Amino acid sequence: MRRILAPLLSLGLAAGMLSAQQAHAETIPVEVKADKITYDKGPDIATLTGHVEVKVKDATITGDELVFDQKNQRLTSDTHFRIVQKDDKGRDQVIEGVSFEYSLEIRRAEIVGARASLPATTPETFVFVTADRMISYDQGKRIVSQGAMFTTCDNVAEGAHADAPGLGTVHYSIVAGILDYVPDNRVIGWGATINMLTAPVYWLPLFYVPLQKNQIQTADIGQNVVEGVFVRGRQAIPYDDMHEGTIFYEVMQNKGLGLGYQHDWSYPGQAVASDVKAGAVPFLSFLGQPSHTYLFVHGVPLRGLTLFPPALDTRIAQPATGSNATPGSVETGTKTDSPASTDPGTTTPADTEATPPTMGTSAITVPLGTPMHVQQTTVNQGALSGSDIDPAKRGSLFHTGNLSWFEDYDLGIQHRRLLWPTAEAEIAFYDRNYYNLSQFLGGRDNDRLLRLNLTDREAWQTGDELLTLDTQGNVDDATRWLQTQSLRDATPQGTASTRSLNMTMKRGSTTLSSQNSWNVSQAPSIAAPTTPLTGTSSSTPAKLVTQNDTLSSNWTFEHTLLPGLQWSNQFNYQQKELPNTPTDRFADINVGLTQQLPWGSTALRMFRKQFFNVGLTDADVQKLGQQRGTIFEKLPEFEIHTNNLLDQWFPFTVTSTIGNYVETIPSVSKPVQAARAKFDIKASQRPLDLGLGFKSDFGGTGIEQSLYSTTDAQFSFTGKASVTNDASQYFRPTLSYTKVITGDTDPAPYKNNTPFSQDKTSFNKIDQATLQVAAINQPWLTMTLNGGYDFQNKGNMPINANLSSMASGVLDLFDYSLTLQSGYQFRNFTEAEAKAGQPVQSLLQKPIEVTADDVGKFLNFKGGQIANTVLGFQLQSMGGFGGDWGKETGIKQGASLRLDASWDFNKNRPQSLSSDVSFSVGDSWWLHTEISLQSTLDMAAGSSGLTTVPGFLPIPWPSDVAGQNVGVFYPFNRIVLKKDLHDFIFTLSYDRFTQGFQANLSLVAFPFGSDTLTGAMTQLGSGTLPQMPMNR
Amino acid sequence: MMRHPLLPLIAAGLTLSACAYTAPNAPGSGRKALIFRMDVEGTYQVTNPNVTYYMVFNAAKEAPTDPLVGPRFNGPDISKARDFIEGRLPFIYRLPNDLPSIWTDFYFFAGTPDGKGRVGRGTIREGLPVIIDENYAQNQWSVTNNGKSLQMTIFLDQLTGNQDPSKIGVSLGTGDSISTGYGMIYDRWKNNVPFQLEVSPTQQRDLDISPAMPISVPNRPLTQLPPGVALSDVNIVGWEARLGT
């Protein structure tokens, strides 16, 4: 290939001879190929004929004849041509037509008789546009067409793109007078007709299709127990480049109408140089800085409005009937029975709907399948806050009652802006008072939140130094209200707020940082249960108490004095108030000086806990002591630590520490103060090759000696040895032995002793051997067996047995993965038990006789139990399946099964079971269907008195306790069915949590489903702004 | 061979270590402690405050007879905002028909920007979960074994239930930030079945070779690992425990 600069063109090339040239007009390189090129020097026009190929920037133009006007930097063609150009993401856009004009400078193409296939969001899917006239701006960043047709159905393609062959009748299309398409953003059509197959079915003056995930419009249809049957959707509204709006709408059987509006205003701001510093910008100029404003309003305008006759209204439930109503209990509206009367085989959701309730009685009541005493237990654990309320008040949730406006609402406003290039401010206010979609929660979500945030990251040069100041302030208030009350004057259910202020300053090698926060939460107190297991205490909410009130101020100062010499200082103040204890005020003070040296390191440390409490009684001190736990202060401590010594032969480290310490423990009124010198030599891990595949390691072996100013002293000698053999890759045994010798049993005056409770060497006392045997044939099969014996306490250590196996392409049919875990736990008997001669309890709580021979007996299986046996199994057709939508052929069919189960061999019953089955059938779109089913076995522990009540399609599992079920098997926790409709995916799902069904349609090319609406509300409920980049 | 400057120090230490001297017992000498170790497949996220490692105990005065009764990682209280601690702890709530999570004490490890990490402990007061100590004494825990193990000294007299239990119900799990998270569950011990720990001087231990499996909770954002955190870093693969006296 020859490179020639414009206006030089090769004129002497014979027809039929392939020519390759490159013209360079100003700064735009153009590479051309053609059978024949003629050049008219006067107007500076080249005419290319036969197998023309022109490459300009990321576009390639091919055709039979093309005219290149070099003076005006313009390419034109009056014959059939094809443009292949790269979009922003590097994907190929293909445009064909009968004539075109292409401007090199602005990369604009004007095409007549255009057909375009443009990449969509889903890989290998396309948007197809045909038009009488089409203009592609800036190499396809925006395409405007006249007399246009838009579709994602690849039947229109007819070979326009290699991956979209085109086969027949287009399933749907939008024909518009003017079509404005911005890839991955939106499509606007004016005077738009919607065609199904070839028949026009609807006409709109303006048709807008957003193509971004958070804007795509949806139309969901579904049903749940709270809203009844519903239809909801969203419609994006474009304003201009800075403003975007979205309308939400809902029609619900039980709730009436729901409306919402969201608005985003992204203001790009005025140009300010990025290196402008604070103070250089006039204060008022921050009004011109980039900003992002977000507004959201959503609600049910008119509460009490019902669209359907009462018989269809599922809001209100059947009053308690007959003897099933237990005084003081919470009614389910159908049956809240004693465990004995629960019959999972007779009560179903259908029963619930078949018994029209009475207004004013309980409606959404207890969480499904929750027995009363279990609720109480859980309430005691701080959960299930909606289940502890007066049943009479529950009715107010869905009581038709008087009409009230916007009782259910959710609104928020958030504004974020740059103050100057290094500083940003944010203010947000959210207020939510909305019913909860889940009957299981049975209540309302109420939050009010105010957030103020200021971030300043300022940097400026002061000579050679750089000072960075990073501050952040945050105020976050969330208020929650009693779930059963719908109005704001109700008793608060709880409040929580967070206020924080953080700052970091850095100059050279010096850093000062501070984190300050004040967290307050209040909740209704629940009388502490006598034992958390019985759950028999009162579940009546009491007055609002301070659950947590913590003010914390942490300051850290770090400075590098010399290379390797680091000074650090931390001052952490905390003021903490918890239920049942007085406020505790204290500061943790840490000072450290560390020096890294070629042979090791030295460190000087001090830790002091300083209390600032006054007027405490002895009882208060005792309570706070239990809360504080053990405190060990260093006043100060000096440590020398070496790197590995004799690193080539037998590496070991030496550590020597000397310090003055104060230990405070809850059970002792006076702290203990003593000085200690500690010396520690420890071998490092380093395998030694013994030959024949044997390797030994003595890592951890060492000696420790401590001397105290109280004339106490203690030592310990640790011997560790392990031998492994890896000669065979299929069998690897490892034997380890650890013995820690301490002077605890030595006669006085040599007996070990320490004035402190937490550094006793006896804590480390061990005399045990362990064996691990691994049979390995990776990845097909790996089995490991672990066990050991404790010589010191004469006891067998538990045996763990594990197996894992996985394989791909077994019999060219399937892949699988399997893990199986089990073991055995020994009942180790003491000599005292044997001497007593009384029956003792086995691990299974059964009385057994024990003799002296049983004490310390190796592998004594008497009284032991088999450990939990856990199975994890996954089987799928080889290489996976599904995921391709809208294809004429070649969709991979298959199935997968995942099973996680635990089995109690001691009681011969399951402990947990969950499964996930999914499959895909049909290799062509018209048959292609994918289904996913999730199932669980919900356990009820019969012997502990916990029971269960029936749920959706219950299958009782027999228990070892007569008349009780061990659990209920739910075959359908979640069902998702997806049907391929070539251009669309129809999704139908059921979720047991909300007991709701939902159906929606999504485009194959833009696979954004209907869950985005619910997702947006969840985000708002949790106070999270959908992440949108701020223009800067 | 060149004489190492620390040889005299080593020699002196060896000499000192040959003897021990006795003084009367200190007041706290009879304290018993649970020496507990929790291992992860990867490494503990010591610098990342967005991952929390939990050890949850049920040290009830009356030990449950049913092994299914104990702590469980079913999720946070999804009816509470995350401003409340019960809206952030992943072992509070239960989905429909789940067995309740029964516990008395919990300990947690969370990373800190300075790379040291911190351990805290909590319990139940007036029926409400609370964190009673944000910074557990540093000499009572350490991250060892090349960042794969958390070694804890838990004094039994600090437990709020039974302070001298013979058996403790335990469950282990990992989740998102205990300070600002949503109560997400990254991993939980063996199909979420609690285990009964024999409080014995003979070492007890177990392994879990199954991979971590993040659990999504209704009414909460989809569970996702924080950036830079691998699934192996939150996968609990084993524990060891014994009674120290």
Side-chain angles (χ1 to χ4, degrees), chain A residues 368-369 377-378 380 382-383 385 440-441 447 478 496 521 523 525-526 528 533 547 578-580 627 629-630 632 665 668 679 703 705 710-715 743 748-753 755 757 763 790 793 795 797 800 802 819 828 868 870 872 900 902 911-912 938-939 941 943-944 948 993, chain B residues 6 9-10 13 16-17 20-23 26-29 31 33 35 60-62 64-66 68-69 77 79 81 83-84 86 92-93 96-97 99-102 104 125-130 132-133 137 139-140 155 157-158 190-193 201-207 209-210 218 244-245:
Chain A
L368 292 177
T377 302
T378 317
N380 291 333
S385 50
F440 175 60
L441 288 178
D447 282 297
S521 65
S525 71
I526 302 170
L533 289 173
Q547 181 179 8
L578 297 174
N580 289 332
Q627 183 170 301
T630 304
F632 196 66
I665 55 180
V668 178
F679 193 76
I703 189 165
Q705 167 78 47
T710 54
T711 68
D712 292 310
Q714 61 174 358
F715 77 94
Y750 304 109
K751 185 180 176 185
N752 269 5
N753 200 45
S757 69
F763 278 170
D790 180 355
N793 302 292
M797 295 165 64
N800 308 126
N802 299 318
T819 59
N828 294 314
N868 286 355
V870 178
D900 291 291
S902 297
Q911 289 186 319
S912 72
D938 287 349
M939 300 301 304
S943 57
S944 64
T948 186
F993 180 70
Chain B
L6 289 179
L9 194 62
I10 297 169
L16 285 171
S17 63
Y21 188 73
T22 304
S29 60
R31 300 180 85 193
I35 314 298
K61 287 181 178 169
E62 294 174 22
T65 55
D66 195 307
L68 290 177
V69 175
D77 182 347
S79 68
D83 305 270
F84 295 89
E86 52 266 53
I92 296 290
Y93 208 59
N97 279 9
L99 289 178
S101 178
I102 307 291
T104 58
R125 292 266 178 91
E126 298 208 12
L128 303 169
V130 292
I132 58 176
D133 191 357
N139 60 315
Q140 291 165 46
F155 287 104
D157 59 15
Q158 288 180 178
K190 281 192 174 179
N191 288 356
N192 202 25
V193 177
T202 297
Q203 194 169 69
Q204 310 291 304
R205 59 181 183 168
D206 198 3
L207 303 172
I209 62 171
S210 57
T245 56

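As the structure is a prediction and not an experimental result, all values here were calculated from the model. So you know, we letter chains A, B, ... as the sequences are listed, proteins then strands, and number each from 1.
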Top of Pro579(A), Gly872(A), Gly743(A), Ser521(A) for chain B proximity - count of heavy-atom pairs under 4.5 angstrom
Pro579(A)
Looking at chain B, which one of Val870(A), Asn828(A), Leu578(A), Thr819(A) has the largest number of heavy-atom pairs inside 4.5 Å, strictly under?
Leu578(A)
Option that, when pairs with chain A are counted at under 4.5 Å, heavy atom only, ranks first among Ile35(B), Asp133(B), Val193(B):
Val193(B)
Measuring heavy-atom distances to chain A, does Gln140(B) have an atom under 4.5 Å in its side chain, in its backbone, in both, or in neither?
side chain
Which atoms of Ser210(B) are under 4.5 Å from chain A, going by heavy atoms: the side chain, the backbone, both sets, or neither?
both
Test item: Gln547(A) side-chain N/O and Pro129(B) main-chain N/O as donor-acceptor pair under 3.5 Å
yes
To the nearest 0.5 Å, what is the distance between NZ on Lys190(B) and CD on Gln911(A)?
10.5 Å
Drop me the distance from Thr630(A)'s OG1 to Asp157(B)'s CG, to the nearest 0.5 angstrom.
6.5 Å
Pick one of side chain, backbone, both or neither for Asp900(A), based on which atoms fall under 4.5 Å of a heavy atom in chain B.
both
Listed by chain and number, what are the side-chain hydrogen bond (donor to acceptor under 3.5 Å, both in side chains) partners of Asn802(A), not counting sequence neighbours?
none
